[in-house]
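Just so it is clear: chains get the letters A, B, ... in the order the sequence lines come, proteins before strands, and each one is counted from 1.
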Amino acid sequence: MKLHFRFLHIIFLSGFTILTACKNEVEPEFNPSARGRLLLEFDNVVGTRDLELNRGVYRNAAGEEFSVSQLQYYVSNIRLRKTDGSEYVVPQDSSYFLVQEHKPETHIIRLSVPQGDYAGVSFILGVDSLRSTMDISRRQGVLNPTDMSREEGMYWTWNSGYIFLRMEGTSPQIAPDPSGNRRFRYHIGGFGGGFGTPPVRTINNIKTITLSFGRDIAKVRNNSTPQMHIIGDVLKVFNGSTTISLAQNPTVMFSPFSVNVANNYANMFEYHHMHTIVGR
Amino acid sequence: MKRTAFFALACVLLAAAVVVSCGQRDVNPMIEVSTPPHFPPMIYDLNKNPVTQAGFELGRALFYEGQLSRDGTVSCGFCHQQSAGFTHHGHDLSHGVDDRLGKRNALPIQNLAFYRDFMWDGGIHDLDLQPLAPIENPVEMDESMPNILEKLRKHPHYPRMFERAFGTPEITGERLLKALSQFMVTMISANSRYDQYLRGETQLTADELRGLQLFKQKGCDHCHSGGLFTDQTYRNNGLSLAFNQDVGRYEITLNEQDKYKFRVPSLRNVEVTRPYMHDGRFRNLEMVLDHYSEGMEDIPTLDPLFKRTDGKRGIPMTAEEKRLIIAFLKTLTDETFLHDKRFSEPE
């Protein structure tokens, strides 16, 4: 009986403490050891216009008109920076995503993260070198080289490695190929593999993108899921430290020139705004 | 009474489980893949893909399966024929579906467990991932893996074979590739007359022994070294660029120094793997040795080994020396391997 009384007393006191805490803080209480959700939305645009596959006609800095028929890229190795400066690293095995413009469901990356306040994000545009050389059993989901159609393939079978960003389209300024198409194909990859002893490294187009949420704070709570809206500007693939002409470079794949494309697209992402969804 | 019945039932179940598990072990025994005495250490990690009888049989069936190609006509074994040391007999360049012509000569499939990387340019560094290249190449099998997996899932035999090899009938790309690797890593050629000679089981003729001596004396073994008869490097041996400007290794490394370099191929079973070189330009071994003695072109990336102090290129050899060297090369033919029924197309 006595024991019961003491137990009730503890419950009462702790309940009181929680109530007080809620009253004193402006923010809803969260438990840093509990998890919540944070969403990264990749919204691809062309300059100030939305990216419309096949339909939209755009103009690059070289003055060429172009349309995009396909855009896909890997987002991997995601890290979230908290307002206190600490970092949450998404476990690597579940940190590979493929954004495909023609599949809207791939535009939103859903992460399970500890509840807390987040101020920024960083990710690799592409696939890290370690994963690029792992056993096939460690390449599941979007990394599975045996689960890709040819049209959407993101893996070079003849030169083992992933394509980090794949963009295709047309431009009237490109000379017609033997089938009469004025197509461009940009398949950019290269993880800096080594050859020989000591190894001579090949091109490394792995780009780490770091974005700050500015004045926004992504508050991950039991009942609050921030959705961070990130803009990917296709125009910056062509316009950047190198102004790239489609007529002069209709096909860029595994070649020294691809480094210029990667250096350009390293700057194509920008944090834009945040929505907060009530619930998880 | 009830308790006794339960106990009896448990005993029966346990016994059944033991029988089943023992049975499985009997159904799918392990196959031991060992390193021949004078070979370098094995590179393929058998721990991540232990070879079993059922895995090997599945791999063999897949190796000879035309459904791995777009129109069902081209299997791995189509261009890798056992009697030709698993190369495409008589073809300078191999052709795939619709008779489309490739740009390089099919390499032999033998001793692959001991190789660091694959293909003439070394672009692939994991045997498990190797089959994807010919499967997806439009001028070879021209097929996609998702299509192949769908075809195999509907096949009357494959689900059962995958179950025997991997425990469940699920057909995945990973399993398909691992099964092909299980077949390929067992394909070891180490029983040529030369191997038997090394093991003290046979004698070589006087000509063959003289050829072996010349092979070393002329420095052939500098690149064609060790038990595999290759040092697994990429070199330029001065092939004329007049009709073929294939840049070879450069496509993989993008290093100017690697232009026109190709894999130093193994010489095992070289007698039956004609034609020779990455584009099959030489029909016989005589033409190959003629190239080495006086056919080399001066190309910037020509291997320094071939540059002579008198300003000429190549390895001086008399006609008689060539004849003897070829006599030696023919001792590397492994009749056991070339006729081993385990590696032949299943009946």
Side-chain angles (χ1 to χ4, degrees), chain A residues 127 129-163 178-179 185 187-205 251-262, chain B residues 44-45 47-49 70 102-104 116-150 152 171-178 180-181 232-234 247 249-258 261:
Chain A
V127 178
S129 59
L130 201 60
R131 187 68 59 162
S132 298
T133 54
M134 275 186 189
D135 187 73
I136 174 123
S137 60
R138 304 289 305 277
R139 303 155 180 249
Q140 301 294 331
V142 295
L143 292 180
N144 184 348
T146 71
D147 193 23
M148 298 178 184
S149 72
R150 208 162 305 156
E151 297 71 29
E152 296 175 11
M154 294 293 277
Y155 183 78
W156 283 314
T157 59
W158 56 275
N159 181 16
S160 302
Y162 290 94
I163 296 169
S179 354
R185 292 185 190 84
H187 298 183
I188 312 299
F191 63 86
F195 300 101
T197 3
V200 178
R201 300 277 164 198
T202 54
I203 52 171
N204 185 339
N205 282 326
T251 303
V252 184
M253 295 189 185
F254 191 67
S255 67
F257 188 79
S258 71
V259 173
N260 298 321
V261 180
Chain B
Y44 191 83
D45 182 1
N47 293 321
K48 66 174 190 174
N49 187 22
R70 191 195 71 220
K103 67 171 181 175
R104 293 182 190 152
R116 208 172 43 232
D117 35 43
F118 306 92
M119 300 298 229
W120 278 107
D121 56 21
I124 300 165
H125 0 90
D126 183 344
L127 183 61
D128 292 346
L129 298 167
Q130 163 65 40
L132 296 175
I135 284 172
E136 297 200 356
N137 190 335
V139 298
E140 296 184 53
M141 297 156 95
D142 194 29
E143 184 54 295
S144 79
M145 283 299 294
N147 277 350
I148 290 171
L149 298 176
E150 266 321 292
L152 297 183
I171 294 181
T172 66
E174 180 188 336
R175 285 177 167 189
L176 180 147
L177 294 171
K178 296 272 187 188
L180 279 170
S181 287
Q232 302 202 38
T233 58
Y234 301 83
V247 290
R249 182 78 170 147
Y250 171 81
E251 285 185 1
I252 305 305
T253 65
L254 300 179
N255 178 356
E256 289 289 328
Q257 297 305 310
D258 285 337
K261 288 185 181 175

Inset, instruction - First locate atom CG of A:Asn144, then atom CD of B:Glu174, and finally report the distance between them rounded to the nearest 0.5 Å. - result: 8.0 Å
Inset, instruction - Residue by residue, scan residues 249-258 of chain B and write down, ordered by number, those that have a heavy-atom distance under 4.5 Å to chain A; if none do, write 'none'. - result: B:Arg249, B:Tyr250, B:Glu251, B:Ile252, B:Thr253, B:Leu254, B:Asn255
Inset, instruction - Among the options B:Asn49, B:Asp121, B:Ile124, pick out the one with the most heavy-atom pairs lying under 4.5 Å from chain A. - result: B:Ile124
Legend entry - A:Thr157 side, atom OG1; B:Glu136 side, atom CD - distance, nearest 0.5 Å: 5.5 Å
Inset, instruction - Kindly give the heavy-atom pair with the smallest separation between B:Glu143 and A:Arg150, and that separation in Å. - result: N-NH2, 3.0 Å
Inset, instruction - Could you tell me which of B:Pro134, B:Gly173, B:Pro146 has the largest number of non-hydrogen atom pairs under 4.5 Å with chain A? - result: B:Pro146
Inset, instruction - Kindly write out the residues that satisfy side-chain contact (heavy atoms from CB on, under 4.5 Å) with B:Glu150, not counting sequence neighbours, or none if the list is empty. - result: B:Arg153, B:Lys154
Inset, instruction - Please determine which of B:Thr172, B:Leu177, B:Leu132 meets the side-chain contact (heavy atoms from CB on, under 4.5 Å) test together with A:Ile136. - result: B:Leu177
Inset, instruction - Please name all residues satisfying salt bridge (Lys or Arg N to Asp or Glu O under 4.0 Å) with B:Arg70, sequence neighbours left out, ordered by chain then number. - result: B:Asp98, B:Asp142
Legend entry - Segment of A:Arg139 engaging chain B (4.5 angstrom heavy-atom cut-off): side chain
Inset, instruction - First locate atom OG1 of A:Thr146, then atom CG of B:Leu176, and finally report the distance between them rounded to the nearest 0.5 Å. - result: 8.0 Å
Legend entry - Pairing residues for A:Arg138 by the salt bridge (Lys or Arg N to Asp or Glu O under 4.0 Å) criterion, not counting sequence neighbours: A:Asp93
Legend entry - Structural part of A:Ser137 lying under 4.5 Å from a heavy atom of chain B: both
Inset, instruction - Can you measure from CE (A:Met134) to CG (B:Asp126) and round to the nearest 0.5 angstrom? - result: 12.5 Å
Legend entry - Interatomic distance, B:Met119 atom CE to A:Asn159 atom CG [nearest 0.5 angstrom]: 10.5 Å
Legend entry - Nearest atoms (heavy-atom pairs only) where B:Ser144 meets A:Met148: CB-O, 4.5 Å
Inset, instruction - Measure distances from B:Leu149 to the heavy atoms of chain A and classify the residue's part below 4.5 Å as side chain, backbone, both or neither. - result: side chain
